[in-house]
Amino acid sequence: MRFLMCPPDAYDVSYVINPWMEGNVKKSSPQAAMGQWLELTRILKERAEIELIPPQPGLPDLVFTANAGLVLGNVVILSRFLHPERQGEEPHFKEWFLKHRYKVRELPKDLPFKGAGDALLDREGRWLWAGYGFRSELNSHPYLAKWLDIEVISLRLIDKRFYHLDTCFCPLEDGFLLYYPSAFDAYSNRLIEMRVPEEKRIAVVENDAANFACNALNLDCAIFLNKASAQLKEKLGVAGFDVREVPITEFMKAGGGVKCLTLRLTEPVRSEIRAGATVESRLIELRGHLLDSGLLDGALDATVEAGGSFQIVEFNLGKQRQSTSSASIKISAPSNDVLEKILGRLIDLGAVLAPSELKDARLETVTQAGVAPEDFYATTIYPTEVRLNGHWRRVERQRMDSVIVVIDAADGASAVCQLLRELEVGDRVVTGVDGIRTVRKTESRDNRGSPSAADDFKFMGAGVSSERRVELVVERIAWEMRRIRDQAGKVIVVAGPVVIHTGAGEHLARLIREGYVQTLLGGNAIAVHDIEQALFGTSLGVDLRRGTPAQGGHHHHLRAINTIRRCGSIARAVEQGILTSGIFYECVRKGVPFSLAGSIRDDGPMPETRMDLEHAQEEHAKLLAGVDLILMLSSMLHAIGVGNMTPAGVKLVCVDINPAVVTKLSDRGSVESIGVVTDVGLFLSRLVQQLGKLEGVYVQQPTFQQTEH
Ligand code: NAD
């Protein structure tokens with residue numbers, strides 16, 4: 001058995017390229033390091049031959065020879081270091097291997113690979129475990145499989161303390177494995193569990209992992225490592241291993257352990273094993289304000305978070321601030337399933353498969369009513385197109401959380417969003433990721449500050465407006481509502497009973513009376529408390545003028561429901577002169593349609609409240625058609641429900657005292673969503689005041705002063 005090592009004459013912690021180096025720059029002792037390295041060498045020499053590569057001034061980490069490359073038989077795949085600090089090591093290792101007659105393989109320059117630090121042979125030689133996520137790219141794995149003619153199992157590292165596979169994973173003799181499961185994502189843990197039976201998996205706890213117990217060297221039944229707990233030693237003992245602690249604390253300051261200091265030069269080739277790497281890749285394109293909108297970052301993060309890796313093949317940066325950029329990116333994943341999940345997320349962000357990869361959308365037939373094929377594409381709020389017979393078709397009735405059904409007609413196929421429950425046997429549903437694209441407008445963050453177009457909401461940003469900005473936001477919304485009214489557009493109000501409890505019912509009633517609201521959506525409670533207020537002057541029994549509980553008032557809302565039920569409907573109560581004021585009175589008088597969706601909390605309910613939620617959703621969806629602006633007033637349930645039914649492009653204002661509710665709505669990622677964290681009573685009174693100021697005034701684009709976000 002032969003190992004390659006490098007004396008630590010030039011070793012030091014001179015820079016920070018991993019979490020272990022932080023706080024340790026210039027903190028290692030050259031004498032102590034030399035002492036520890038000599039002791040390790042002495043112990044190894046009892047069982048193996050040691051070859052040395054000369055140290056090089058200015059290359060302190062050359063001592064970690066495991067990162068030189070990956071050796072199998074007489075082939076070495078040289079490392080490609082990610083960090084410039086270590087790239088200077090490459091020619092020295094290359095020279096050493098050439099001099100010792102190895103067949104040297106070199107990866108493309110821009111493809112990081114950390115040699116035996118990130119690639120570990122199963123001790124039976126059946127396959128190669130290869131890590132990625134920090135220092136090695138997944139795309140290097142197919143090269144390993146091809147050049148070494150071996151099956152490669154890709155494992156994704158997720159804990160930055162364990163940035164190389166050999167810091168948290170050590171295949172042992174007789175099929176055992178010493179590893180720290182939390183350093184890997186769930187998919188990789190599954191792969192490990194499929195290959196290594198439970199009785200052979202020796203999982204270490206965090207403390208042992210942090211002591212670099214997995215950065216170990218296994219020679220026959222001996223395991224050399226920095227330090228192990230009594231429990232780990234016992235586990236390894238039961239498995240037949242003898243643990244030998246060799247302190248290398250000086251090298252841990254740079255993030256290296258026993259294994260990092262050695263490179264096994266005598267990995268045998270198993271001629272009967274022949275396979276490849278299961279890395280799947282596809283090319284996508286992104287266009288828009290990629291950098292300043294954060295879209296590129298978002299897409300790359302989404303890729304890595306979902307277990308994939310990327311390589312930017314081409315990037316064209318827009319020359320001016322307002323011009324757009326484009327990028328061509330190769331996305332890779334360890335399986336087709338993972339790749340499709342990643343591509344699905346990227347398509348939702350507006351990515352398109354490259355022209356060379358374009359295919360028609362994949363369709364699968366529904367075999368059980370109300371149940372989509374397993375692999376269905378779930379829609380977003382964004383306009384979506386599907387490719388059918390070579391042509392892109394815009395999907396109709398766009399909404400989120402539905403599936404796309406393709407319908408054949410004499411004049412060509414069309415596509416429409418449908419809910420799961422609407423699916424019928426024989427419907428053809430779009431599945432997978434081929435032939436799907438979403439149309440996303442990317443906005444330059446810099447541009448958001450300066451309103452230009454008359455209908456431009458974006459100066460307020462897709463975010464939450466805190467109290468100090470409410471005034472400005474109200475001014476803008478008032479102007480917008482006035483414009484929509486003048487142009488015969490459509491404003492929908494979604495309201496909860498807090499509107500009444502805060503005494504703002506009269507303001508909403510006024511907005512309806514003055515023609516600013518074209519539809520009202522909500523639940524049973526807004527009607528119950530509005531009518532309670534109209535009939536008894538109370539809301540939930542509280543006298544709204546005095547702010548004190550009215551005697552017997554706690555039953556007022558039930559009496560209000562009963563009165564309307566006796567009349568048969570709210571409209572009849574108005575006709576009969578029983579209901580003479582309030583929000584619903586104004587709706588009936590102005591012919592403003594409303595839809596009330598039931599809930600488990602409802603009393604009564606009011607005759608109009610739809611307790612059949614499928615019908616309620618359908619009625620809401622019909623009323624939402626053609627809407628320009630939705631004002632969501634203090635109802636988490638109904639605001640989120642309506643938000644889910646609304647496609648991008650509709651201006652949406654969510655007013656709630658709870659920032660979590662407005663954040664949820666404005667997190668739709670659409671620039672037209674505004675969150676206003678404030679008391680709804682205050683908001684409505686300011687809105688009415690502001691609209692009053694605009695009455696009789698010729699409405700033109702106001703000049704808004706820039707405020708900080
Ligand atoms: P919800 O919890 O979904 O929403 C209430 C929202 O109001 C919350 O997000 C809260 O943060 C916000 N809020 C509270 N005070 C506020 C203030 N001063 N200013 C701004 N925002 C404020 O509850 P909901 O929508 O009122 O009711 C849920 C369901 O229960 C609805 O369908 C409703 O019709 C029903 N309900 C029925 C009855 C009844 O029949 N008697 C009574 C209450 C609710």
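Counting starts at 1 for both ligands and their atoms, in listed order. Here the structure is a predicted model, which means the values were calculated and not measured. Computed from heavy atoms alone, side chains included, the values below leave out hydrogens, waters and symmetry copies.
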Proximal ligand 1 atoms for [X], defined as those under 4.0 Å from one of its heavy atoms:
{"X": "Ser634", "answer": "5 (C), 6 (C), 7 (O), 20 (C), 21 (N), 22 (C)"}
{"X": "Ser599", "answer": "29 (C), 30 (O), 32 (O), 35 (C)"}
{"X": "Ala525", "answer": "33 (C), 34 (O), 36 (N), 37 (C), 38 (C), 42 (C), 43 (C), 44 (C)"}
{"X": "Thr502", "answer": "18 (N)"}

Examine distances only and state if a side-chain atom of [X] and a backbone atom of [Y] form a donor-acceptor pair shorter than 3.5 Å.
{"X": "Arg566", "Y": "Ala573", "answer": "no"}
{"X": "Asn189", "Y": "Phe184", "answer": "yes"}
{"X": "Lys490", "Y": "Leu623", "answer": "yes"}

(Q) With a heavy-atom distance limit of 4.0 Å, tell me whether His501 approaches ligand 1 through its side chain, its backbone, both, or neither. (A) neither
Q) For Thr379 and Gln398, does a side-chain donor sit closer than 3.5 Å to a side-chain acceptor? A) no
Q: Would you check if there is a donor-acceptor pair between the side chains of Ser539 and His501 at a distance under 3.5 Å?
A: yes
Q. Can you check salt bridge (Lys or Arg N to Asp or Glu O under 4.0 Å) on Arg483 and Glu480, steps first, answer last?
A. CA-CA 5 Å; Arg483 190 183 65 83; Glu480 193 68 34; 2.7 Å; yes
Q. Out of curiosity, is Thr678 lining ligand 1, as in a heavy atom under 4.0 Å away?
A. yes
Have a look at [options] and point out the one with the heavy atom closest to [atom].
{"atom": "atom 15 (N) of ligand 1", "options": "Val498, Ile526, Val528", "result": "Val498"}
{"atom": "atom 41 (N) of ligand 1", "options": "Ile561, Asp603, Val661", "result": "Asp603"}
{"atom": "atom 12 (C) of ligand 1", "options": "Leu558, Asp656, Val655", "result": "Asp656"}
{"atom": "atom 3 (O) of ligand 1", "options": "Leu684, Leu637, Ile640, Leu596", "result": "Leu637"}
{"atom": "atom 31 (C) of ligand 1", "options": "Arg601, Met636, His638", "result": "His638"}

Q. Between Arg482 and Asp486, is the closest basic N to carboxylate O distance under 4.0 Å?
A. yes
Purely on distance, is any nitrogen or oxygen of [X] under 3.5 Å from one on ligand 1?
{"X": "Ser635", "answer": "yes"}
{"X": "Pro497", "answer": "no"}
{"X": "Asp679", "answer": "yes"}

Return all side-chain donor-acceptor pairs below 3.5 angstrom for residues 543-550, not counting sequence neighbours, or 'none' if the list is empty.
unit_1 : atom_1 : unit_2 : atom_2 : d
Asp543 : OD1    : Arg545 : N      : 2.8
Asp543 : OD1    : Arg546 : N      : 3.2

Q: Provide, to 0.1 Å, the distance between atom 21 (N) of ligand 1 and the closest protein heavy atom, together with that atom's residue and name.
A: Ile657 N, 3.2 Å
Q.
Going by the rule ring pair (Phe, Tyr, Trp, His ring centres under 6.0 Å), which residues pair with Phe536 if we only count those two or more places apart in sequence or in a different chain?
A. His556
